[in-house]
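A short worksheet on the structure shown next.
Keep in mind the model is a prediction, meaning the values are calculated, not measured.
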Amino acid sequence: MGALRPLRSAQWYGGEHRNAYIHRAWMRRGAPSDAFTGRPQIAIANTASDLTPCNAHLREVAASVRDGVYEAGGVPLELPVMSLGETQVRPTAMLWRNLAAMATEEMLRANPVDGVVLLGGCDKTIPSLLMAAASVDLPAVVLPGGPMLTGTFRGTPLGCGTDVWRLSEEVRAGTLSQEEFTRSESAMIRSRGHCNTMGTASTMALVSEALGTVLPGVAGTPAPDSRLLEAAHGTGRLAVDLVHADRRPSTLLTRASFHNAIVALSAVGGSTNAVMHLLAVAGRLGIDLTLDDIDRLGSRVPVLVDLLPAGRFLMDDLHRAGGLLAVLRQVRDLLDPEALTVTGHPLVDYLDDREIWDEEVIRPRSRPLVEEGGIAVLRGSLAPDGAVVKPAAASPHLLRHRGRAVVFDSIEDFHARIDDPGLDVDADSVLVLRGCGPKGYPGMPEVANMPLPSKLLEQGVRDMVRICDGRMSGTAYGTVVLHVAPEAAAGGPLALVRTGDVVSLDVPARRLDLDVDADELARRTPSTATTAGFAAPHRGWQRLYVDHVRQADTGADLDFLLGSSGSEVTRESH
């Protein structure tokens, strides 16, 4: 099966000249001579890090990948790559997604590797690895690290992230003591693995499988489950096959692949963050994917997975109930049958025998959780280039709403004033937070799911319309309009909103408007308080990022990283 295909690594190791000698000798270290002749060199791009707690177990997973690579006749080479811990890094992990993608791309291109296994889990790790793989275009397969097991507190399952937001609001409302809240901390994270809710990590694992980049049936396998190590072994073997078949991202990922990913995103009730990541990966492949495609293909898809934050259950429930493939079988008619997977076979070929084993967790098509719950794209005078909202996680009565804006010029301004008893706000108000976009923060943080004013929480209010040019955690919930483009720092109309202006939200009509006369809006300029909140880095990555980052409606990649450079390196190192 293509055994005579020339290997890329032979450009380093082939021949008897001095440079080949150097490349072989420094890598030999006990390896047999045939390690450098005809055996695919498989990089294991590993995002394991003690500071990325959701990925720390990937060292063990990598060992099983190694075994699979060896078994298939390849040579495994672990390559630690930049790792982004969503819960740890400041100001936001999203600031470095593009840097992680660029660094991984460059290391894969620079080294003598023929293919790569991409090990990720925490939110930005799988997207950055996919972006890198798309740009370097070496045979690649994703292996998600899997969700954690469900913890419990006072006899009740805990959804990590989602229940942090919920319990912290109960403390602020006075219905939960600070002592009890702190006690829940040790129960929140029960095991290795990423968030057990349908947050960004779980979403990107499932979406990557629907995209065709994961061995079918693997995404969503819990991190402590021994079957994940079995899948890792199989993925290592598959990586060698990918090299022999020359099955690269550019031969696999098509518009049809993204079509299926968008349908899957909606059917599982996935994170809004996946929109940004899919747009960015498509941009590396030269595929013209837009927000309109997200809405057209996904917004009318039923939500079938009853999982926090939109539902009740958690990721290990989804796995025992049948997993992603059981979900996709229910919406098979909405999938593109031509889209391939890393195995070389169409995704739809893996759906025939996929049963639902718990119809409370995975709803049949005839009984969806939400009839039309996919991510909706809004446009209007407040979001000329688009904004997104997740109806499945919103309050139905707020999906059509008019209210008076209460504006915050920065996250610091928000924190300083939101609990002020004198704040002029009521349940019908619309909270507007700006300066949180790609350029403005910088990096577009997950601050859009703003905590509600404590005085309203005490009155029993648990949701309000909130609007922001930033993002929110995939584990969050509420009627939150996100990714407003252009952002305030890029000259968007969000910078011109004043407290007291009326905001009109109409999700069914896909509108987000500011009820201010166009002439009046044209006369306005951003206030000093607004512009003072925008990031102004003078050096380093942040300066490069602010100068070159694109807007949310295109995926917030850097302008000079669009497209692919391939894997060719023409100059020697010695």
Side-chain angles (χ1 to χ4, degrees), residues 47 52-55 57-58 61 84-87 93 119-127 129-130 142-151 157-165 188-211 213-214 217-225 228 231 261-262 264-278 303-328 361-362 369 373-375 390 392-393 446 471-477:
T47 55
T52 305
C54 299
N55 290 19
H57 68 294
L58 292 180
V61 175
L84 299 173
E86 191 67 32
T87 57
L119 300 188
C122 194
D123 296 16
K124 305 306 177 294
T125 55
I126 286 180
L129 293 171
L130 277 174
V142 174
L143 180 59
M148 68 183 69
L149 300 178
T150 301
L158 285 175
C160 59
T162 302
D163 279 321
V164 176
W165 318 131
M188 183 66 66
I189 309 302
R190 178 182 169 198
S191 74
R192 69 186 71 186
H194 60 65
C195 289
N196 60 359
T197 48
M198 191 57 74
T200 305
S202 297
T203 299
M204 288 310 302
L206 299 175
V207 164
S208 295
E209 182 171 317
L211 200 58
T213 62
V214 178
V218 169
T221 304
D225 195 316
L228 179 63
I262 293 166
L265 171 61
S266 298
V268 302
S271 165
T272 50
N273 287 310
V275 173
M276 303 265 295
H277 301 319
L278 284 172
V303 176
L304 301 180
V305 178
D306 192 343
L307 213 78
L308 283 174
R312 298 171 291 163
F313 296 98
L314 293 161
M315 282 298 293
D316 48 358
D317 297 309
L318 175 61
H319 186 254
R320 67 172 174 79
L324 175 67
L325 297 182
V327 178
L328 294 182
V361 180
I362 301 175
L369 180 69
I375 291 167
K390 184 177 178 180
E446 293 183 340
R471 300 176 300 116
M472 76 175 181
S473 168
T475 66
Y477 56 90

Subject >> Closest contact, heavy atoms only, Ala264 versus Leu324 >> reply: CB-CD1, 4.5 Å

**OP:** Check whether any side-chain heavy atom of Met198 sits under 4.5 Å from a side-chain heavy atom of Ser271, and report yes or no.
**Re:** no

Original post:
Which atom pair, heavy atoms only, marks the closest approach of Ala326 to Ile362?
Top reply: CB-CD1, 4.1 Å

**OP:** Calculate, to the nearest 0.5 Å, the distance between atoms CG and CG belonging to Leu211 and Leu206 respectively.
**Re:** 12.5 Å

Subject >> Spacing of CG belonging to Asn196 relative to OG1 belonging to Thr150, to within rounding of 0.5 Å >> reply: 5.0 Å

**OP:** State, to 0.1 Å, how close Gly193 and Ala223 come at their nearest heavy-atom pair, and which atoms those are.
**Re:** CA-CB, 3.5 Å

**OP:** Compare all side-chain heavy atoms of Pro309 with those of Trp165 and state whether any distance is below 4.5 angstrom.
**Re:** no

**OP:** Mark yes or no for whether Thr47, through its side chain, and Leu119, through its backbone, hold a donor-acceptor pair below 3.5 Å.
**Re:** yes

Original post:
Donor-acceptor pair, Lys390 side chain versus Tyr477 backbone, under 3.5 Å?
Top reply: no

**OP:** Output all residues satisfying side-chain contact (heavy atoms from CB on, under 4.5 Å) with Thr197, sequence neighbours left out; order by chain, then residue number.
**Re:** Thr162, Cys195, Leu308, Leu314, Thr475

Original post:
Can you find a heavy atom in the side chain of Val268 that is under 4.5 Å from one in the side chain of Leu307?
Top reply: no

Subject >> 4.5 Å side-chain heavy-atom contact, His277 and Lys124 >> reply: yes

**OP:** Kindly write out the residues that satisfy side-chain contact (heavy atoms from CB on, under 4.5 Å) with Cys122, not counting sequence neighbours, or none if the list is empty.
**Re:** Thr52, Cys54, Asn55, Glu86, Thr125

Original post:
Got a sec, which pairs hit salt bridge (charged side-chain N to carboxylate O under 4.0 Å, His left out) with one end in residues 318-328, sequence neighbours left out?
Top reply: Asp317-Arg320, Arg320-Asp358

Subject >> N/O donor-acceptor pair under 3.5 Å between Asp123 side chain and Thr87 backbone >> reply: no

Original post:
Where the side chain of His194 meets the backbone of Gly145, is there a donor-acceptor pair that is under 3.5 Å apart?
Top reply: no

Original post:
At their closest point, which heavy atom of Gly270 faces which heavy atom of Ile375, and how far apart are they?
Top reply: O-CD1, 4.0 Å

Original post:
Minimum heavy-atom separation for Asp163 to Pro157, with atom names?
Top reply: OD2-O, 3.8 Å

Original post:
Partners of Pro222 by side-chain contact (heavy atoms from CB on, under 4.5 Å), sequence neighbours excluded?
Top reply: Leu149, Pro224, Asp225, Asp316, His319

Subject >> Side chain to side chain, Met204 and Asn273, heavy atoms closer than 4.5 Å >> reply: no

Subject >> Student check: side-chain heavy atoms of Leu129 and Val142 closer than 4.5 Å >> reply: no

Original post:
With no hydrogens and no angle check, is any side-chain donor or acceptor of Arg312 less than 3.5 Å from a backbone partner on Asp306?
Top reply: no

**OP:** Tell me, please, which residues at least two apart from Val303 pass side-chain contact (heavy atoms from CB on, under 4.5 Å).
**Re:** Leu369, Val370, Ala392

Subject >> For Ser208, side-chain hydrogen bond (donor to acceptor under 3.5 Å, both in side chains) partners two or more places apart >> reply: none

Original post:
Does anything in residues 191-202 pair up under salt bridge (charged side-chain N to carboxylate O under 4.0 Å, His left out), and if so which pairs, sequence neighbours excluded?
Top reply: Glu60-Arg192

